Every structure is written in structure tokens, then in C-alpha cells.
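Read the numbers this way: they start at 1 and go in the same order the structure lists the ligands and their atoms. Worth saying up front: this structure is predicted, and the values here are computed from it rather than measured.
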Amino acid sequence: MKFDVLTLFPEMFEPLKQSIIKRASENNLININLVNIRDFSEDKHNKVDDTPYGGGAGMLMKPDVVDRAYNSVKAENAEVIYLTPQGKTLNQEMIKRLSKKQHLILLCGHYEGIDQRVIDKIVDEEISIGDYVLTGGEIPAMVLIDSVSRYVDGVLSNESTDEESFSNGLLEYPQYTRPEVFDNIKVPEVLISGHHENIRKWRKEKSLENTFKKRPELLDNVVLTENEKNYIENLKKEVQE
Ligand code: ADE
């Protein structure tokens, strides 16, 4: 999977040169190409931004410069994503969908934003990482690359993404490792029983319980079996008592 990142601050992307994403790049499972928008300024001072027409605070990235940067990477099958607080809020479903694409071009705004004409011309989709404002789209682009790359074949083992939070609309169950007793607290007995069906059932219940306690609104969007519904009803009763 190829990511072209159009940015004024390619140096900000150092965190993607660590750990799992580093290995995925080295194994050519993903390819992250950082394009410095400033290289496409034709101004003798390398100017990339200017004041907004109509007045107002800050500077805007110039449309011609952004367009030339885009033209250097554009491809028929690529999807162009603009990271902006005005976009649709990123979630696990969108991440899975994006991981099926071959080529994403990520446009990072900085300062007050980008001239609307080039946004209208080149952008397919606007994505936000949450209802708050960052100094630019670079951190959101890294969030997107990291979260999408996890679903690219070979980056993680399939089991890692099958059971994690949000994969089935629920939060994950709690996990434990050695030592068996820590601070006088023992690992739940069922996990050392070797009884796989009981472990599966316990994990499902803990996953429901975690979701009910921490993010109850997620339960509105999952299809539950009768047993699972009863389990939630009992949790509700416990809270009321
Ligand atoms: N740029 C600035 N803030 C942002 C956000 N919350 N999401 C995506 N891009 C942004």
C-alpha cells in the first residue's frame, strides 16, 4: 500500500520510522513517501502561503503550490484525503475500508488552512481525527497511516486485529500475563484452567461488561444474542441495586 504525504513539515513524520510501521516499510508491505510542498514553490523566497482575501487571522497555503505538489504524485487509482477538523470523524470501520485501497494521497494543511479552490479540485474525502483543532494535518496523517497499516496483509498477525477493541463493535476483554500472582492478586482462575470454551465465554462476558461500563453507547450498534442481551440486563440490574 502506498501513502504519499503532501506536507510542509516532512520532518514531523519521524515517529513512523519506529517499531511495527518501520518493519512494514522495510518489508515493502507499505511505502510512505513524504513530499515537501515547499519544493513546489516557484517564488524566489520559496513562499507557500499568503494572507486570506477578505481579511482575517493567519496565513493560507497557496492553491498553485499545493496543486503542483499533488501533480507530482497523482495517479488514476489514488484516493486523495485532506486531514481537517471539518472532515468525517475517523473510526475503525473507515480504517478497514481505507486499508483495501492501493494508494492514498494525504494532504496536510498547516497554519489557517488551504485555499478552497485546490481542495475542491483535488480532494476526494475529508477526514478528521476528532472534534478538536491541531496545528496541522501532520499528526492526523500519522494516525491514519498507523491505523490503516495495521490492516494491510502481513503487517500484523490476523489474530491481533480479530479480537481487539472495536473489531466486533465491542471493547476488548482484560488480559493477563506472568506472574500468576502480582501484589497478592491472582490471575482469573478460568484463564489457567485450560478449558477453551469457558475461556471464550469469560472473555465475551468481560468484553460486554467493559463496553457496558466504559462505552455503553457502543452497545446500540451491535447485534447481540439472547444470552448476551440477558447478560447486559443483569449488569444493568447490578448497577441499579
Ligand atoms: N487538522 C487540524 N486539526 C485536525 C483534526 N482534528 N483532524 C484532522 N486534521 C486536523
- Residue and atom name of the nearest protein heavy atom (relative to atom 3 (N) of ligand 1), distance in Å to one decimal: Leu134 N, 3.0 Å
- Query: Is there a donor-acceptor contact under 3.5 Å from the side chain of Asn91 to the main chain of Glu93?
  - Reply: yes
- residues 8-30 vs ring pair (Phe, Tyr, Trp, His ring centres under 6.0 Å), sequence neighbours excluded, gives Phe9-His110
- Query: How does Thr84 reach ligand 1, by side chain, by backbone, by both or by neither, if only non-hydrogen atoms under 4.0 Å count?
  - Reply: backbone
- Note on the structure: For Gly130, the atoms of ligand 1 under 4.0 Å from one of its heavy atoms are 6 (N)
- Task: For atom CG of Asp153, decide whether the heavy atoms of other residues, nucleotides or ligands shown that lie under 6.0 angstrom number more than 12.
- Result: no
- Neighbour count above 12 (heavy atom, 6.0 Å) for Gln86 CD: no
- Task: Would you mind listing which atoms of ligand 1 come within a distance below 4.0 Å of any non-hydrogen atom of Ile127?
- Result: 8 (C)
- Top protein contact for atom 7 (N) of ligand 1, by heavy-atom distance: Ile129 N, 3.0 Å
- Only one of Val222, Leu218, Asn221, Asn210 forms a side-chain contact (heavy atoms from CB on, under 4.5 Å) with Leu170, so which one is it? Val222
- Message: Test of understanding: with side-chain hydrogen bond (donor to acceptor under 3.5 Å, both in side chains), list the residues that count as partners of Gln116, not counting sequence neighbours.
- Response: Asp120
- Do other residues, nucleotides or ligands put more than 12 heavy atoms under 6.0 Å from the NZ atom of Lys186? yes
- Give the atoms of ligand 1, by number and element, whose distance to some non-hydrogen atom of Gly136 is under 4.0 Å. 1 (N), 2 (C)
- Starting from atom 6 (N) of ligand 1, which protein heavy atom do you reach first, and at what distance in Å? Tyr132 O, 2.8 Å
- Query: Is it the side chain, the backbone, both or neither of Ser128 that has a heavy atom closer than 4.0 Å to ligand 1?
  - Reply: both
- Tell me, which protein residue and heavy-atom name are nearest atom 10 (C) of ligand 1, and how many Å apart are they? Pro85 CD, 3.5 Å
- Proximal ligand 1 atoms for Pro140, defined as those under 4.0 Å from one of its heavy atoms: 7 (N), 8 (C), 9 (N), 10 (C)
